[in-house]
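This report refers to the structure that appears directly beneath it.
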Amino acid sequence: MNTQQLLILGSTGSIGTQTLDIVRAHPEKFELYGLTAKSNWKILADQINELRPAYGLICDEEHFQDLRDAVTHKQTVLLSGEEAMDSLICEDQVDTVVNSLVGFSGFRPTVTALSSGKKVALANKESLVVGGALLAPYLNGNYDRLIPIDSEHSAILQCLTGETINTVDKLIITASGGPFLKWPLDKIASATVNDALNHPNWDMGSKISIDSATMMNKGLEIIEAHWLFGISVDRIEAVIHPQSVIHSMVLFNDGSIKSQMGLPDMRLPIQYALSYPDRWPLESRQMNWESPRELTFEPVDLRKFPCFELALQSTRMDAYSPAILNASNEIAVERFLNREISYIQISEIVAKSLSHINNSDTLSVSSLEDVDRETRAFARVI
Ligand code: MG
């Protein structure tokens with residue numbers, strides 16, 4: 001394969017910066033077409049000065065001048081605003097769009113990229129959670145258009161390699177259980193922001209860290225897997241695996257289970273999404289078999305993780321419910337991080353939003369945006 005022209009949406013976040021580590025490790029495989037950031041102009045400027053993409057874009061227009069002043073590599077064309085981002089995605093030269101935007105804001109760029117024929121390496125699970133029905137036509141049982149970066153879905157994709165989907169009995173998604181796995185139920189209700197951000201195995205952005213603590217993340221991942229692999233939600237299970245070594249499993253119809261293992265390192269699923277269907281070398285920490293090691297499993301305690309149950313419920317409601325779930329959760333997490341609400345109120349806000357918001361329009365990108373907007377307004381004031 002020739003070099004891939006990469007456009008990285010959200011290059012200054014946790015996934016974006018690790019994607020750039022992969023680019024640095026394999027300079028012969030990539031050309032950087034563009035880097036985008038929401039507002040972090042300082043890191044974006046450093047990345048542009050070092051890696052010299054053709055384009056650099058900041059979404060928040062108020063930081064455009066800061067970015068211009070900080071960029072010393074004057075051959076990079078600097079842009080601002082979301083419309084300019086849409087145009088960049090559609091540029092002919094772009095082969096692969098890495099979507100590591102956070103939340104619903106990543107949905108429209110995924111639609112734009114797929115509809116303009118790009119390959120999408122997807123870290124933005126919300127794209128599939130809210131709009132899986134609209135993205136399904138691009139999937140077609142092939143995984144070469146929309147390739148997951150999420151570690152669980154990367155694991156499942158690796159397990160499915162060489163198999164056919166009609167031999168799959170179940171997908172088994174592993175969950176670390178987050179920081180509250182061993183906490184008693186009554187103590188979780190009063191957990192603080194710092195408690196919830198303290199993830200045992202993965203170092204991630206603050207939104208996904210809170211989603212891991214509530215296990216909303218695992219609920220979103222089940223919905224994501226449903227659309228990505230075309231398997232019904234009732235054939236996707238979550239199991240707690242506190243060591244985060246087995247990243248997920250597939251149970252086949254002869255009783256055989258395949259799993260993908262490795263020490264937690266997001267660079268691996270990022271690289272696999274970019275190399276798929278090939279596998280490239282990566283310098284990473286290796287499993288050490290010289291001392292005893294336990295891999296343990298336990299069921300999800302639904303009393304401790306109401307957000308997980310709400311996510312599953314949303315799939316049994318109408319086509320908009322996962323979008324309502326997602327939007328209300330984004331606002332509830334933001335309010336929790338701002339110390340406006342308590343930990344237990346996150347699930348309460350999501351539950352109230354699911355029962356309050358309705359929509360009967362035919363599903364489309366703009367109808368989903370309407371529902372998203374309406375849900376956010378509601379979730380902000382309850
Ligand atoms: Mg994940």
Side-chain angles (χ1 to χ4, degrees), residues 6-11 13-16 19 36 38 59 82 85-86 88-90 94 96-140 142-154 156-157 173 204-205 207-208 211 216-231 233 236 266 269-270 273-274 276 311 314-315 319-330 333 363-373 375-376:
L6 273 190
L7 171 62
I8 303 176
L9 309 180
S11 68
S14 172
I15 298 293
T19 304
T36 85
K38 184 168 188 299
C59 283
E82 289 185 7
M85 186 167 81
D86 270 357
L88 268 191
I89 293 170
C90 296
V94 175
T96 304
V97 176
V98 177
N99 184 345
S100 53
L101 300 174
V102 176
F104 184 78
S105 64
F107 170 53
R108 189 180 269 273
T110 299
V111 175
T112 305
L114 288 172
S115 60
S116 62
K118 312 303 183 196
K119 183 173 94 175
V120 178
L122 187 72
N124 178 262
K125 65 190 69 172
E126 294 83 355
S127 293
L128 283 161
V129 170
V130 303
L134 299 176
L135 301 181
Y138 298 103
L139 294 168
N140 277 338
N142 298 319
Y143 307 111
D144 50 0
R145 291 292 312 281
L146 188 61
I147 309 161
I149 284 180
D150 214 347
S151 60
E152 293 78 2
H153 305 73
S154 177
I156 291 168
L157 179 59
I173 296 187
M204 308 176 288
K207 162 70 167 58
I208 191 168
D211 285 349
M216 176 61 89
N217 185 53
K218 214 45 57 179
L220 299 179
E221 287 181 349
I222 286 182
I223 305 172
E224 180 187 9
H226 158 63
W227 290 111
L228 200 52
F229 300 109
I231 299 276
V233 168
I236 308 174
M266 278 311 294
I270 293 168
L274 295 171
Y276 180 83
S314 78
T315 67
Y320 289 97
S321 295
I324 295 164
L325 172 99
N326 177 69
S328 56
N329 180 59
E330 283 188 32
V333 170
L363 198 71
S364 67
V365 174
S366 62
S367 71
L368 280 167
E369 286 174 342
D370 289 344
V371 164
D372 179 79
R373 206 174 303 117
T375 306
R376 278 163 203 273

Checklist line | Short side-chain to backbone donor-acceptor contact, Arg145 and Leu114, under 3.5 Å | finding: yes
Notebook entry, point to check: With sequence neighbours left out, which residue pairs that include part of residues 112-139 fulfil the ring-ring contact (aromatic ring centres under 6.0 Å, His included) condition?
Noted result: none
Checklist line | Side-chain (His153) to main-chain (Glu221) donor-acceptor, under 3.5 angstrom | finding: yes
Notebook entry, point to check: salt bridge (Lys or Arg N to Asp or Glu O under 4.0 Å): which pairs involve residues 104-116, sequence neighbours left out?
Noted result: Arg108-Glu369
Note to self: Show the nearest heavy-atom pair for residues Pro109 and Ile89, with the distance to one decimal.
What the structure shows: CB-CD1, 3.7 Å
Check: Taking it one step at a time, do Ile15 and Ile149 satisfy side-chain contact (heavy atoms from CB on, under 4.5 Å)?
Finding: CA-CA 9 Å; Ile15 298 293; Ile149 284 180; 4.3 Å; yes
Note to self: Could you check whether any side-chain heavy atom of Leu9 comes within less than 4.5 Å of a side-chain heavy atom of Val97, counting everything from C-beta outward?
What the structure shows: yes
Item checked: Min side-chain heavy-atom separation Val98-Leu7 under 4.5 Å -> no
Check: CG of Leu157 to CD of Glu152: how many Å apart, nearest 0.5 Å?
Finding: 13.0 Å
Notebook entry, point to check: In Å, rounded to the nearest 0.5 Å, how long is the span from CE of Met85 to SG of Cys90?
Noted result: 11.0 Å
Notebook entry, point to check: Are any non-hydrogen side-chain atoms of Trp227 and Leu135 less than 4.5 angstrom apart?
Noted result: no
Next item on the list: Examine the side chains of Ser127 and Thr110 and answer whether a donor and an acceptor come within less than 3.5 Å of each other.
Entry: yes
Check: Do the side chain of Asn99 and the main chain of Leu101 share a donor and acceptor less than 3.5 angstrom apart?
Finding: yes
Margin query: For a 4.5 angstrom cut-off between non-hydrogen side-chain atoms, does Ser314 reach Ile223?
Written below: yes
Margin query: Run the side-chain contact (heavy atoms from CB on, under 4.5 Å) test on His226 and Ile231 for me, step by step, so that the C-alpha distance in whole Å, both residues' side-chain angles and the decisive distance to 0.1 Å come before the verdict.
Written below: CA-CA 5 Å; His226 158 63; Ile231 299 276; 5.8 Å; no
Checklist line | Flag side-chain contact, heavy atom, 4.5 Å: Lys119 against Asp144 | finding: no
Note to self: For Asn326 versus Phe104, what's the shortest heavy-atom pair and its separation?
What the structure shows: ND2-CB, 4.0 Å
Next item on the list: Measure the spacing between CD1 of Ile324 and OH of Tyr320 and express it to the nearest 0.5 Å.
Entry: 9.5 Å
Check: Donor-acceptor pair, Lys207 side chain versus Glu330 backbone, under 3.5 Å?
Finding: no
Margin query: With heavy-atom distances below 4.5 Å as the criterion, would you say the side chains of Pro148 and Leu228 are in contact?
Written below: yes
Check: Once you round to the nearest 0.5 Å, how far does CG of Leu368 lie from CZ of Arg373?
Finding: 11.0 Å
Note to self: side-chain contact (heavy atoms from CB on, under 4.5 Å), that's the test. Do Val102 and Asn124 meet it? Break it down for me.
What the structure shows: CA-CA 6 Å; Val102 176; Asn124 178 262; 5.8 Å; no
Next item on the list: Report the C-alpha separation of Thr36 and Ser11 in whole Å, then their side-chain angles, then the decisive distance to 0.1 Å, and conclude whether the side-chain contact (heavy atoms from CB on, under 4.5 Å) test is met.
Entry: CA-CA 6 Å; Thr36 85; Ser11 68; over 6 Å; no
Next item on the list: Can you measure from OG (Ser105) to CD (Glu126) and round to the nearest 0.5 angstrom?
Entry: 8.0 Å
Margin query: Can you confirm whether Leu325 sits close enough to Met216 that some side-chain heavy atom of one is under 4.5 Å from a side-chain heavy atom of the other?
Written below: yes
Notebook entry, point to check: For Ser154 and Tyr276, does a side-chain donor sit closer than 3.5 Å to a side-chain acceptor?
Noted result: no
Next item on the list: With rounding to the nearest 0.5 Å, note down the distance linking OG1 in Thr19 to CD1 in Ile270.
Entry: 4.0 Å
Next item on the list: Check whether any side-chain heavy atom of Leu134 lies under 4.5 Å from a side-chain heavy atom of Phe107, and answer yes or no.
Entry: yes
